[in-house]
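Encoded as structure tokens, the structure appears first; notes follow it.
The chain is numbered in sequence order, starting from 1. Numbering of ligands and ligand atoms starts at 1, following listing order. Values in this document were obtained by computation on a predicted structure and should not be read as measured data.
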Amino acid sequence: MNIVEKIKKAKDYILSLDSRKIDIAIILGTGLGSIVDDIKDKLVINYKNIPEFPVSTVAGHAGELIIGTISGKRVLAMNGRFHFYEGYPMEIVTFAVRVIKALGVGDIIITNAAGGMNPDFEAGDLMLIEDHINFMGTNPLIGKNYEKLGPRFPDMSSAYNRELITLAEKSAEELGYTIKKGVYTAVSGPNYETPAELKMLRLIGGDAVGMSTVPEVIVANHMSMRILGISCITDMAIADNLEPLDHRKVLETANKAKTKFISIVKSVIEKL
Ligand code: HPA
């Protein structure tokens, strides 16, 4: 079965459970899953029940699609994503985004936990992603291109939607939160970076560093979706005063920032 057929199988299963139109999708990053508590009239679909869907392996990542209502809009939330470092091929890492688009969804909010490399940031900040650097050493579009999904050589001159960034800035301002903006640099992981690597990633133009998002953004962009990217800065990743980091710390900070994150996301969705 080719990718197009697999996408259709997954899509048809989801539509058989709920065929109503979805306004926006959101991929929930590490520690940011609790926004699902605010989704009303929920349909929860376990990944393992969706044909062709992979199953997630990381602590702090559930494995559910939640379809319901938030801020008066119909939303699909992906609670638990697939990372390249888990060993999945890129086609699997980005499969859900393909299915989301096949469901007729045009707008997607993609979130993550990231290390802050810009010295103006601090742990607990949220950063709107203005652009990215793919430093993962691979690309989800390598291989046969299906014109039905998107072009062989997709444009990436504005992968992160300007209007959505402006909406998010407006939301943050109304709520009285400061929000940062910057360039997200994606590495494969799973180890956190060495000081020398961080020096390099800062030098090439990165404001934040993480192990996700870029594959999904490339694939969403391939299918001409409108993308809003939000990083939760969970730790400072600055070479000269780098402290030891573990996943627990990342989860802890993401958890502290979640109220801010949830209110901004809800406000953005309301404004759409
Ligand atoms: N580096 C890479 N990925 C991350 C980090 C980091 O410092 N924090 C959260 N995810």
| field | For Met211, the ligand 1 atoms whose distance to one of its heavy atoms is below 4.0 Å | value | 2 (C), 3 (N)
| request: State the atoms of ligand 1, each with its element, that fall below the 4.0 Å cut-off from a heavy-atom position in Ala113. | output: 9 (C), 10 (N)
| task | Without swapping roles, check the side chain of Ser267 against the backbone of Ser263 for a donor-acceptor pair under 3.5 Å. | result | no
| Does Thr234 approach ligand 1 within less than 4.0 angstrom via side chain, backbone, both or neither, non-hydrogen atoms only? | side chain
| query | With atoms numbered from 1 as shown, which atoms in ligand 1 lie under 4.0 angstrom from a non-hydrogen atom of Gly210? | reply | 2 (C), 3 (N)
| said: Which residue and atom name correspond to the protein heavy atom nearest atom 7 (O) of ligand 1, and how close is it? | reply: Asp235 OD2, 2.7 Å
| query | Regarding Lys9 and the six-membered ring of Tyr13, is the cationic atom NZ or CZ under 6.0 Å from the ring centre and inside 45° of its axis? | reply | no
| message | Please check this pair: side chain of Thr111 against backbone of Ile27, looking for a donor-acceptor N/O pair closer than 3.5 Å. | response | yes
| Tyr192 N/O under 3.5 Å from ligand 1 N/O | no
| query | Is it true that a side-chain atom of Ser71 and a backbone atom of Lys266 form a donor plus acceptor pair closer than 3.5 Å? | reply | yes
| message | Please tell me whether Tyr160 and Tyr184 form a close aromatic pair, meaning their ring centres lie under 6.0 Å apart. | response | no
| request: Report the part of Val187 in contact with ligand 1, treating N, CA, C, O as backbone and CB onward as side chain, heavy atoms under 4.0 Å; options are side chain, backbone, both, neither. | output: neither
| query | Nearest to atom 2 (C) of ligand 1, what protein heavy atom do you find, and at what distance? | reply | Glu193 OE2, 3.2 Å
| query | For atom 5 (C) of ligand 1, what is the nearest protein heavy atom, given as residue, atom name and distance? | reply | Gly115 N, 3.4 Å
| Does the Asn161 side chain pair with the main chain of Ile227, one donor and one acceptor, at a distance under 3.5 Å? | no
| message | Between Glu169 and Lys181, does the salt bridge (Lys or Arg N to Asp or Glu O under 4.0 Å) criterion hold? Intermediate values first, please. | response | CA-CA 9 Å; Glu169 284 182 291; Lys181 283 191 285 186; 3.0 Å; yes
| task | Of the side chain and backbone of Leu245, name the one, both, or neither that has a heavy atom under 4.0 Å from an atom of ligand 1. | result | side chain
